[in-house]
Amino acid sequence: MNKKRIRRNENIVKLSKEHHFSLLFCWKIRKGIKMETPAARITKYVEYFKTNFLRPHFREEEKILFAALKDKPVEKAIEQHKEINILVAKPSKNTDPKSVEQLEKLSGIVDDHVRYEERQLFPHIEKALTPAQLEAIGKQLNEEHPLSKNEYEDEFWVKQ
């Protein structure tokens with residue numbers, strides 16, 4: 001299967017790179033579940049990722065990128081952000097067997113959301129906004145905060 005590489009406008013590449021971290025987040029959760037890592041251990045990673053990646057990323061998208069275009073595709077992404085925020089709040093409160101189901105659900109929804117933004121929403125935004133608008137967005141994104149490095153120490157997804 002020959003996959004065509006998505007070319008992203010240089011001004012929003014930072015968000016796409018952050019999406020890569022989100023896909024790794026999903027993979028790590030799935031790998032941890034497959035290796036029967038205790039849900040409480042994976043949940044600690046979800047807490048870390050929520051604080052260090054998801055919330056800042058959602059804030060940037062909503063405050064900077066989405067602010068320039070209020071339409072149905074953007075509204076869909078914002079609704080997905082709300083759903084994900086609800087799900088990341090739940091695992092921290094669960095230590096029962098249902099938390100594995102919650103983690104699986106979370107990884108699926110985050111994965112679907114990232115693919116929606118990359119394949120549908122971002123191309124839509126790139127076409128709808130002017131080069132000047134995209135450049136202004138790029139400047140704001142680069143001023144907000146640098147791309148974080150994932151330095152989570154408990155590699156529960158790695159076979160010991």
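Heavy atoms only: backbone and side chains are in, while hydrogens, waters and symmetry mates are out.
- Side chains of Gln120 and His124: no donor on one and acceptor on the other come within 3.5 Å.
- Between Arg115 atom CZ and Leu121 atom CG the span is 15.5 Å, to the nearest 0.5 Å.
- Note on Glu47 versus Lys50: salt bridge recorded, some NZ/NE/NH1/NH2 to OD/OE distance being below 4.0 Å.
- Cation-pi contact between Lys28 and Phe156: absent, since separation from the ring centre below 6.0 Å together with deviation from the ring axis within 45° is not met.
- In summary, the side chains of His81 and Glu117 do present a donor paired with an acceptor at a separation below 3.5 Å, with no hydrogens or angles considered.
- The backbone N or O of Ser16 lies less than 3.5 Å from no partner atom in the side chain of Arg8, so there is not a single donor-acceptor pair.
- The backbone N or O of Asn9 sits less than 3.5 Å from a side-chain atom of Glu126, completing a donor-acceptor pair.
- Taking Glu83 as the reference, nothing meets the salt bridge (charged side-chain N to carboxylate O under 4.0 Å, His left out) condition, with sequence neighbours excluded.
- Contact check on Glu101 versus Lys105 returns no salt bridge, with no Lys/Arg side-chain nitrogen under 4.0 Å from an Asp/Glu carboxylate oxygen.
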If you apply the rule side-chain contact (heavy atoms from CB on, under 4.5 Å), what do you find for Phe122 with His19, and how did you get there? CA-CA 12 Å; Phe122 282 13; His19 283 163; 3.5 Å; yes

Under the criterion side chain to side chain donor-acceptor pair (under 3.5 Å), I'd like the reasoning laid out for His113 against Glu118: C-alpha separation, chi angles, the key distance, then a yes or no. CA-CA 9 Å; His113 171 69; Glu118 285 295 325; over 6 Å; no

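- Once rounded to the nearest 0.5 Å, the distance linking CG of Asn142 with CD1 of Ile137 reads 12.0 Å.
- Remark: Glu135 engages Lys139 in a salt bridge, criterion side-chain N to carboxylate O under 4.0 Å.
- Here the closest heavy-atom approach between residue Leu103 and residue Ile29 is recorded as O-CG2, 3.7 Å.
- Not one N or O on the side chain of Tyr116 forms a donor-acceptor pair closer than 3.5 Å with the backbone of Asp111.
- Just one residue in the list Phe25, Phe21, Tyr152 forms a ring-ring contact (aromatic ring centres under 6.0 Å, His included) with Tyr48, and that residue is Tyr152.
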